Every structure is written in C-alpha cells, then in structure tokens.
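Worksheet for the structure shown next.
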Amino acid sequence: MDIKLYNTLNRTKEVFRPIRPGHAGLYTCGPTVYDYAHIGNLRTYVFEDALRRVLEYNGLAVSHVMNITDVGHLESDADDGEDKMEKGARRTGKTAWQIAAEYTAAFQDDLKSLNILAPTVWCKATDHIKEQVETIRLIERNGYIYRTSDGIYFDTAKLPSYGALAGRANIEGIQAGSRVEMGEKRTATDFALWKFSPKGGQRQMEWDSPWGKGFPGWHIECSAMSAKYLGTLFDIHCGGEDHIAVHHTNEIAQTEAAYGTRLANYWLHGFFLQLGEEKMAKSSGEFLQLRLLVDKGYDPLAYRYFCLGGHYRTQLKFSWESLTAAQKALENLRAEVGRLVLAAGGGEEPEGPAAAAWREKFKAAVNDDLNMPQALAVLWDLLKDDAATAGDRLSLVREFDAVLGLRLIDLPSGNEIPPALAALLERRKQARAGKQWAESDRLRDEMAAHGYIVEDGPGGQRLRKKRFGE
RNA sequence: GGCGGCAUAGCCAAGUGGUAAGGCGAAGGUCUGCAAAACCUUUAUUCAGCGGUUCGAUCCCGCUUGCCGCCUCCA
C-alpha cells in the first residue's frame, strides 16, 4: 500500500517514493536548547514520531537525524539579535555550554515521556563547526556570499529558485515589506552564514574561520549536518509550520548553492497548537511545559493521545477540558485492552478472517498523510467488533500501538493490593456478609481516601486504583 | 501592509460531490443493599453567513464575517 504525504514544496498530497527502496532518510529540526520545551513544541515532535513509526510500519528502515541547536540561533531573523544561548546564559548565570547540556537533557526526557522514539543520530551544531565552515566555503566558491561588517551573508538574489518552498509571492512580499531590518544586507531575504564575534568582545561560543572569529548562522547547521548523515539529497525533512518561510527556505538555498540539490524531496510541516489566552511564545517566559501537565496528574501519553486526536496539518486547540477528555479516553482504552487480555487467554491461534480487514483499515488511515484521528477511530471500532476474536483483537491492538505509541498493553497492572487495604477489604467482606451496609460504605470511603476504588461484582470485591479525576 | 490557513454537535475532532467517523461530556435504562465498573439506548435533518456551478454541495467557485499562523522569539 502506498504512503501518501502532503508535500509543502508542491502543496499536494503525493505518493512517497524513497530514493533508496526500502529505506527512508528523515531529518527533523530539533530544538534550540536555551530553555525548556513547551507543549506546542512537543506537538511537532509527536507528529514526527508518528511519521517515523508509520514509515517503519510500512517496512522501511528509517535513518532519522535530529539536530540540537546549541549555538547561532539569534533572537531575531533580522540577524541583529542576541544569540539565544548567550542570552540564556546571562539570564541564569550559567555558561552557554551548561545551558545547552541541561536543556538538551530536559528535552530528551520529554521525548521519552511521550514515548517518542529516539532518532538514530543526534547531532549538535557545536560538534559540527568544521562541517558548517566547509559548507559555507562551498557556497563561497560558487559565488553566493558577500561580507558585511558583522558577518558573511547569503546573497539570495543570485539564486533564481530562492523561495520555492514559501512561494514566490510570499518572498516578494518579504522583500517589499518594510518590517525587515536591512542593516548592510543587499536584499531583505539575505541571511547570515557566519557571524563575527563583536569587536573587542568575546563570546562564550566562538570559533576561528577563514572569514574571522565568530559563530555559524542558524540555518547552516541543518544543511551541513544533514549532508553529513543523510547525504546532500535525502527523502523527508520536517519541522514546524513557522519554518516554511525562513528557516527551511534558507536551508534549501544553502544546499542548492553548495551542492546543487534541493536538500529533500518531501517537506512536511506540523501545525501549531493553539492556546486560548495562554501564550506559546517562549519570550514571555511563561509557557506550558509537559512537567506541569504531569504535576496536575495527567499521564504524559494523554498529551500524546490528545495530539494524535487532531491531524498534524491543522491547528489544534488546547484546553484543559480536551486534555482531560484525552486522559479519560486513554484510560478507557487501556481498561478495554486489559479486559481483552483476560478474554484472550494466552493461547496462540490462527488469525481469523476479520483481522485482515481491520489491518487494511488501519493502514489505509495512517498511510493517508498520517490520519491518526481516523486511525484512533479504527482502533475504537475494532475493540467493539464482536466478529473478531479476542485474540485477534489483542494482537491487532499490539500491532497498532507500535504506530500509535500509547502503551496500551503490558502496563504494570496497578492491582497489587497494599497490606493496609487488604485488612480493610477483609473487614468490609465480613460487614457485607452481615448486611452491615453503613459499615461497608464507611470502609469503602476509607479505601477511597487511600486512592482506591472498591467494586462489588459477582466474584466478590475488586480493588482498583482511582482513575483521573475520581 | 504582504503571504498562507481555518470555521463541523456542550467540548476536542475526522470526513465525503449523493444527504455527517471517533473520543470526552450529558441524559435514560439494565445490574447493585446503595454505589462503582460493565453493558444497552439517546445526543448535528446539519457542517459560520450569502450567492454561484451542479440532477444534487458540508465538501467546488466567489463574496462577507470571525479566528489563527508566518513575514518580528517561537515547533
């Protein structure tokens, strides 16, 4: 079955055809590690993880590269702002290097919490200064750069194809607009490849280069590192929708100027999470971190479920109400699967006739430009389908969860009973035998206070942990 | 100002040129000493508004209104 992906480059859904059969080269723009990630950032990584898992579900071996931007990302694309890392250092009193290490670790923890598969290659901008300088030299050799008093710039006017990703009209709008600080730039869309250290000042992060001491521009790391790990033309490049007009447009320009290729064949962009009143901007200093959700009692995978509930190419409205809905849905899903485990027993049996149809449905959904909301609907419908055996349903859930990443099976049961509660349970059993309902209810309340719900069924009492909001 | 996108039930959200997935919530019922859990049932004659194309549009086109994103730190 074909995989169809929406390619920003051509603004259409296209059948994915890898350069090398059976393999996919994937580059996903990583974080600038000057602060914690907010949940809006994380939505993009959930989308990219879904892509990665869908490719693998289709039998492709994925080489997945993610960069860590730990130098050169200025506050402003006007190329005159402060380096985010240096600013973060000033804010916290730590070194830029410490900042980078701490927030990189925090970011990787967030990915783990969200059950996002680690890329096959992590690469830091500061570990690849040599490669970046080499790439700039190639661009220089091909005649696309000029020097100003503060750096080496890319001359976008020399590249006729500049701006194909963003659309020519958009680029002309930028060039005509009065909102871009020109400085010494020749054209508004020109951007820095190498920035000089301030005169008379020293940066915490700076390196020698053929043009003078300084640091690489923000965009060049992606062109340089993707070429190193994936080749100068690879399959898929992803990022947030905000990167279309500037960051990715400039990456393409650099790679075209250096190597004559368009960098990647497919460009996929995740759309923003929308918060009502709350700002997602990190500059405000206030933004929602995954940590806060966990502190409020949510499972981080409830946030993943929430993200999968909307298509990656539409903006998704966040609210605590809808996050709670996702948490409940995830709990219900796991409870349902738990019952399935009991019903299925342990035995292996040949797959029944209903299974193949469900597999087709699921695959059709995820292969259609990652329609994860549809895939979730297929999962829910499967669980309700009595025509499929419990064993088939369970094995399909396991298979689907490899794509969804929601940890639906094999969770710690949470049903081991603490000794203190075992005694209460026994006392309640006797109270009930004597029809002492008041005492029975009191004991039930007491166990509830310990975080457990007792349920009375045909087989007697059953204790379970409280769910979200109970 | 330039460019792009979105508007579907109480909330979130898929989707299709032939009359609307799924989740959460809500309501009723079965079960229960009462609950809980589970199960069953119900919950958009309608897809922002107004025109147009069509045998037929929520889905195509135009306009209006509202919201959002990028261009100015964001994924």
Side-chain angles (χ1 to χ4, degrees), chain A residues 8 11 28-32 34-35 37-48 73-78 81-82 84 87 163 166-181 188-189 238-247 269-274 279-284 287 305-306 308-333 335-336 339 365 368 371-381 384 432 435-438 440-441 444-445 448 453-458 461-462 464 466-467 470:
Chain A
T8 305
R11 314 271 155 166
T28 56
C29 275
T32 303
Y34 66 106
D35 205 337
H38 63 233
I39 60 173
N41 297 319
L42 295 172
R43 182 191 180 196
T44 296
Y45 301 107
V46 169
F47 138 62
E48 291 164 347
H73 195 163
L74 302 182
E75 283 186 274
S76 158
D77 282 320
E82 187 175 6
K84 288 183 176 184
K87 188 184 180 190
R168 261 329 281 185
N170 192 6
I171 296 303
E172 280 157 18
I174 291 172
Q175 290 173 345
S178 57
R179 304 182 66 169
V180 181
E181 281 299 325
T189 43
C238 296
E241 57 168 327
D242 55 317
H243 284 338
I244 298 170
V246 178
H247 183 50
H269 294 94
F271 280 46
F272 275 13
L273 184 73
Q274 256 181 258
K279 286 286 287 176
M280 276 284 79
K282 285 186 172 180
S283 55
S284 71
F287 51 88
Y305 185 100
F306 169 76
L308 296 179
H311 188 90
Y312 78 90
R313 218 147 40 69
T314 58
Q315 293 183 355
L316 178 61
K317 282 179 258 182
F318 177 86
S319 69
W320 294 106
E321 185 185 1
S322 32
L323 183 63
T324 301
Q327 171 82 31
K328 295 282 220 176
L330 181 61
E331 286 177 352
N332 290 342
L333 219 39
E336 189 72 32
R339 286 189 285 275
D368 181 17
N371 193 336
M372 307 314 279
Q374 186 62 46
L376 286 174
V378 171
L379 174 64
W380 281 102
D381 289 342
K384 285 179 277 191
R432 291 176 58 72
K435 294 195 191 296
Q436 297 162 13
W437 306 127
S440 166
D441 292 351
R444 184 166 64 196
D445 291 345
I453 300 289
V454 63
E455 296 173 353
D456 301 315
Q461 298 176 313
R462 198 177 77 88
R464 66 167 172 85
K466 277 190 179 179
R467 295 180 188 172
E470 275 185 335

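Proteins come first, then strands; the chains are lettered A, B, ... in the order of their sequence lines, and each starts at number 1. Quick caveat, the model's predicted, so the values are computed rather than measured. Just so it is clear, the values below take in all heavy atoms, side chains as well, and ignore hydrogens, waters and symmetry mates.
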- Do A/T324 side-chain atoms and A/W320 backbone N/O form a donor-acceptor pair below 3.5 Å? yes

- Message: I'd like to know if A/R313 reaches the base of B/G5 with its side chain such that a donor and an acceptor end up less than 3.5 angstrom apart.
- Response: no

- Once you apply the 3.5 Å cut-off to both distances, tell me the Watson-Crick or G-U wobble partner of B/C6, or none. B/G66

- Check for a donor-acceptor pair, side chain of A/R11 on one end and backbone N or O of A/T8 on the other, with a separation under 3.5 Å. yes

- Task: Provide the distance between the two P atoms, one in B/A48 and one in B/A20, to the nearest whole Å.
- Result: 15 Å

- Query: A/Q274 has a side chain; which of B/C67, B/A35, B/A13 sits nearest to it?
  - Reply: B/C67

- Query: For A/F271 and B/G5, are the ring centres under 5.5 Å apart with planes inclined under 30°?
  - Reply: no

- Task: Name the pairing partner of B/U30, where a pair is Watson-Crick or G-U wobble with both distances under 3.5 Å, or state none.
- Result: B/A38

- Query: If you measure from the P atom in B/G5 to the same atom in B/U19, how many Å do you get, rounded?
  - Reply: 29 Å

- Sidechain-backbone polar pair: A/N371 side chain, A/Q374 backbone, donor-acceptor under 3.5 Å: yes

- From B/G22, B/A14, B/A75, pick the nucleotide closest to the side chain of A/D381? B/G22

- So, A/F271 versus A/F47, ring centres under 6.0 angstrom or not? no

- Task: Just do the side-chain contact (heavy atoms from CB on, under 4.5 Å) check on A/Y305 and A/L333 with the steps written out, would you?
- Result: CA-CA 11 Å; A/Y305 185 100; A/L333 219 39; 3.8 Å; yes

- Could you check how far CG of A/N371 sits from P of B/A21, rounded to whole Å? 15 Å

- Message: Only pairs with both distances under 3.5 Å count, Watson-Crick or wobble alike; so what is the partner of B/U53 in this structure?
- Response: none

- Short N-O contact, A/R462 and A/E455, less than 4.0 angstrom: yes

- Message: Counting the atoms with a prime plus P, OP1 and OP2 as sugar-phosphate, which does A/V454 contact under 4.0 Å by heavy atoms, base, sugar-phosphate, or nothing?
- Response: base

- Message: Would you measure the distance from the P atom in B/G18 across to the matching atom in B/U58 and give it in whole Å?
- Response: 11 Å

- Decide, applying a 5.5 Å centre-distance limit and a 30° plane-angle limit (both strict), whether A/W380 stacks on B/G22. no

- Item | Ionic contact status for A/K328 with A/E331, cut-off 4.0 Å | no

- Task: Quote, to the nearest angstrom, the P distance that separates B/A44 from B/C11.
- Result: 14 Å

- Query: On a plain distance test, is the side chain of A/D35 in donor-acceptor contact with the base of B/C74 below 3.5 Å?
  - Reply: no

- Message: From CG of A/L323 over to P of B/G23, roughly how many Å is that when rounded to an integer?
- Response: 18 Å

- Is a donor on one side and an acceptor on the other found under 3.5 Å between the side chain of A/H38 and the backbone of A/N41? yes

- Query: With respect to the phosphate group of B/C24, does any side-chain polar atom (N or O) of A/N332 fall under 4.0 Å of OP1 or OP2?
  - Reply: yes

- Query: Within the structure, does a side-chain N or O atom of A/K384 lie under 4.0 Å from either OP1 or OP2 of B/G23?
  - Reply: yes

- Under 3.5 Å, is there a donor-acceptor pair between the side chain of A/R432 and the main chain of A/W437? no

- Task: Check the distance between B/A36's P and A/R462's CZ and give it to me in whole angstrom.
- Result: 15 Å

- When both distances are under 3.5 Å in a Watson-Crick or G-U wobble arrangement, the nucleotide paired with B/G1 is B/C71

- Query: NA contact type, A/D456, heavy-atom cut-off 4.0 Å: base, sugar-phosphate, or nothing?
  - Reply: base

- Item | Closest to side chain of A/H38, choosing from B/A38, B/C74, B/A21 | B/C74

- Query: Which nucleotide, B/A14, B/A75, B/C24, lies nearest any side-chain atom of A/L273?
  - Reply: B/A75

- Could you give the CG-to-P distance, from A/D445 to B/A36, as a whole number of Å? 13 Å

- Heavy-atom nearest nucleotide on RNA chain B taken for A/A377 and for A/A245; more 5' hit belongs to A/A377

- Task: Take atom CZ of A/F318 and atom P of B/G23, then tell me their distance rounded to the nearest Å.
- Result: 21 Å

- Item | Main-chain N/O of A/I453 paired with A/K466 side-chain donor or acceptor, under 3.5 Å | no

- Of all the nucleotides listed (B/G23, B/G33, B/A21), which has the minimum atom distance to the side chain of A/A329? B/G23

- Task: Determine the contact category for A/E241: base if any of its heavy atoms lies under 4.0 Å from a base atom, sugar-phosphate if only primed atoms, P, OP1 or OP2 are that close, otherwise nothing.
- Result: sugar-phosphate

- Note on the structure: B/A14 -> Watson-Crick or G-U wobble partner, both distances under 3.5 Å, gives none

- Between B/G5 (P) and A/Q315 (CD): distance, integer Å: 12 Å

- Query: C1' atom, B/U46 versus B/C31: distance in rounded Å?
  - Reply: 36 Å

- Message: Need one value for A/G167: base, sugar-phosphate or nothing, where a base atom within 4.0 Å counts as base even if backbone is also close, heavy atoms only.
- Response: nothing

- Task: Could you tell me which nucleotide pairs with B/U19 by Watson-Crick or G-U wobble geometry, both distances under 3.5 Å, or answer none if nothing does?
- Result: none

- Query: Is A/T44 touching bases, backbone alone, or none of the nucleic acid, heavy atoms closer than 4.0 Å?
  - Reply: base

- Choose from B/A36, B/A75, B/A21 the nucleotide whose nearest atom is closest to any side-chain atom of A/R464. B/A36

- Query: Do the side-chain N or O atoms of A/K317 get closer than 4.0 angstrom to the phosphate oxygens (OP1, OP2) of B/A13?
  - Reply: yes

- Phosphate OP1/OP2 of B/C68: any A/T314 side-chain N/O under 4.0 Å: no

- Message: By the 4.0 Å heavy-atom rule, please label A/G239 as base, sugar-phosphate, or nothing.
- Response: sugar-phosphate

- Note on the structure: Checking B/A35, B/G33, B/A38 against the side chain of A/S440 (C-beta onward), the nearest is B/G33

- Query: Base, sugar-phosphate alone, or nothing: which one does A/E336 contact when heavy atoms must sit under 4.0 Å apart?
  - Reply: sugar-phosphate

- Task: For B/C24 versus B/C60, give the span between their C1' atoms, rounded off to a whole number of Å.
- Result: 34 Å

- RNA chain B: A/E321 or A/N170, which has the more 5' nearest nucleotide? A/N170

- Separation of A/H311 atom NE2 from B/G23 atom C1', in whole Å? 18 Å

- Item | P spacing across the pair B/U53 / B/C59, given as an integer number of angstrom | 15 Å

- Query: Counting side-chain heavy atoms from C-beta on, which of B/A14, B/G23, B/C71 comes nearest to A/V246?
  - Reply: B/C71

- Given the C1' atoms of B/G49 and B/A26, what is the spacing between them in whole Å? 29 Å

- Message: Output the rounded distance in Å from CD (A/Q461) to C1' (B/A37).
- Response: 14 Å

- Report which part of the nucleic acid A/H243 touches: base, sugar-phosphate, or nothing (heavy-atom distance under 4.0 Å, all strands). sugar-phosphate

